[in-house]
There are 2 protein chains.
Amino acid sequence: MKPGVSIPKIYDWDDRKGPKPVDPALDGLVRDIIGKVADKWTMLILEALSDHGTLRFSEVGRKVGDISQKMLTKTLRQMEEDGLVQRVVHPVIPPHVDYSLTEMGGTLGAAFCDVWLWAEAHHARIEASRKAFAERNGAA
Amino acid sequence: MKPGVSIPKIYDWDDRKGPKPVDPALDGLVRDIIGKVADKWTMLILEALSDHGTLRFSEVGRKVGDISQKMLTKTLRQMEEDGLVQRVVHPVIPPHVDYSLTEMGGTLGAAFCDVWLWAEAHHARIEASRKAFAERNGAA
DNA sequence: CTGGATCCGGTTTGATACTG
DNA sequence: CAGTATCAAACCGGATCCAG
């Protein structure tokens, strides 16, 4: 992946010996984590909370943008369950619920930093690539 | 996001002035990119090609694991359209199609490196967090 | 025989309306 | 305000079918 960095892999997928995860259970868990973390809404919420610190439910929604309440609720709860965000309910009327990143959530946000930088740095090339693909495909 | 690093943000989400992207079109494009890149299968395929270089269609599927042919085709094509992978068809019988990362795809793989390391480093804490959440919730 | 397109059933998502 | 309930639409996986 990252040039010049030796990655402590837990996989040992070597073609000559066939697929051979060192620990199947661990393999499945890491895959599961990636499956949840590599999610559009998770990333966007992570970014919002990373940038703004503590936010209320509807504030998160506003920062994220086009998210539906359902996905906001669902994703936030999943992130809470995984220990990425902390949810604090203030028992007042009207209700007041604060969301913020845990220390672990903060480190994940930091890990995603390079991906955001990549997206910002490459959007022009991606657009060009899409256009080229479109006419290459449409011109058939 | 990353402590000590000044990020060249294109957003200017400042609460005091309301949501105010510097360039709405650019904002939408970056969001779109994140939406596609922050996808389970995209990440897994990226990782597979990043680790193994050039792979055939079914080899990619095998390395990724549980992916269906449909999602494999779809994701691969999306990645090709975005300029992340290069698709080479050898007109032979039986068919032979090679997939590999473009230079841009390689840099994205590198950007995701930290996320993989994070997942590998935190799976234990996540499991613990889920268990705690479960009994906290189930004990109600 | 491989790469991939198509159809169908179950799941997830989104928009709207409703509650404490 | 912060959700939940409901229903329609989009999506995904699996099986099947097709082309080279």
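All heavy atoms count here, side chains included; hydrogens, waters and symmetry mates do not. Sequence lines set the chain letters: A, B, ... in the order given, protein chains first and strands last, and positions in each chain run from 1.
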(message) Consider side-chain hydrogen bond (donor to acceptor under 3.5 Å, both in side chains). Of A:R125, A:H122, A:R130, which one does B:D82 pass it with?
(response) A:R130
(request) Establish, with yes or no, whether the OP1 or OP2 oxygen of C:dA5 is under 4.0 angstrom from a side-chain nitrogen or oxygen of B:R77. (result) yes
(message) Using the side-chain heavy atoms of A:S68, tell me which of these nucleotides is nearest: D:dG20, D:dG13, C:dG14.
(response) C:dG14
(message) For D:dC11 and B:W41 - does any side-chain N or O of the residue sit under 4.0 Å from the phosphate oxygens OP1/OP2?
(response) no
(message) How many whole angstroms separate atom CG of B:L72 from atom C1' of D:dG14?
(response) 14 Å
(request) Check every atom of C:dG14, D:dG3, D:dC12 against the side chain of B:M71 and return the nucleotide holding the closest atom. (result) D:dC12
(message) How many whole angstroms separate atom CD of A:Q78 from atom P of C:dT13?
(response) 11 Å
(request) Using a 4.5 Å cut-off on heavy atoms from C-beta on, say whether the side chain of A:H90 contacts that of A:V97. (result) no
(message) Is there a side-chain contact between A:Y99 and A:T54 in this structure, where contact means two heavy atoms from C-beta onward sitting under 4.5 Å apart?
(response) no
(request) Tell me which nucleotide among D:dC1, D:dG3, C:dG4 gets nearest to the side chain of A:S58. (result) D:dC1
(message) Over all strands shown, is A:P94 touching base, sugar-phosphate only, or nothing at heavy-atom distances under 4.0 angstrom?
(response) sugar-phosphate
(request) Would you mind telling me which of C:dG4, D:dA19, D:dA2 lies closest to the side-chain atoms of A:V97? (result) D:dA2
(message) Let's see if you can work this out: which of D:dG3, C:dG3, D:dC1 has an atom nearest to the side-chain heavy atoms of A:R56?
(response) D:dC1
(message) Please find the pair of heavy atoms, one from A:D39 and one from A:K36, that lie closest to each other, and give the distance.
(response) CB-O, 3.3 Å
(request) Measure from NZ on B:K70 to P on D:dC17 and round the result to the nearest Å. (result) 16 Å
(message) Is B:Y99 close enough to C:dG4 that one of its side-chain N or O atoms is under 4.0 Å from OP1 or OP2 there?
(response) yes
(message) I need the CD1-C1' distance between A:I93 and D:dG3, as an integer number of Å.
(response) 14 Å
(request) Quickly work out the A:D98 CG to D:dG3 C1' distance and round it to whole Å. (result) 15 Å
(message) Let's see if you can work this out: which of D:dA19, C:dA5, D:dG3 has an atom nearest to the side-chain heavy atoms of B:P95?
(response) D:dA19
(request) Please figure out whether A:D39 or A:Q69 has its closest DNA chain C nucleotide nearer the 5' end. (result) A:D39
(request) Measure from the side-chain heavy atoms of B:F57 and tell me the nearest of D:dA2, C:dG4, D:dG13. (result) C:dG4
(request) Check the distance between C:dG20's P and A:H90's NE2 and give it to me in whole angstrom. (result) 23 Å
(message) Any side-chain to backbone donor/acceptor pair from A:E59 onto A:R56? Under 3.5 Å, distance only.
(response) yes
(message) In this structure, how many angstroms lie between the P atom of C:dT2 and the CZ atom of B:R87, rounded?
(response) 17 Å
(request) Mind calculating the distance between NE2 (A:H96) and C1' (C:dG20) to the nearest angstrom? (result) 17 Å
(request) Taking only the side-chain heavy atoms of A:K74 (C-beta and beyond), determine which of D:dA2, C:dT12, C:dC7 contains the nearest atom. (result) C:dT12
(request) For the pair A:T102 (side chain) and A:Q86 (backbone), establish whether a donor and an acceptor sit closer than 3.5 Å, ignoring hydrogens and angles. (result) no
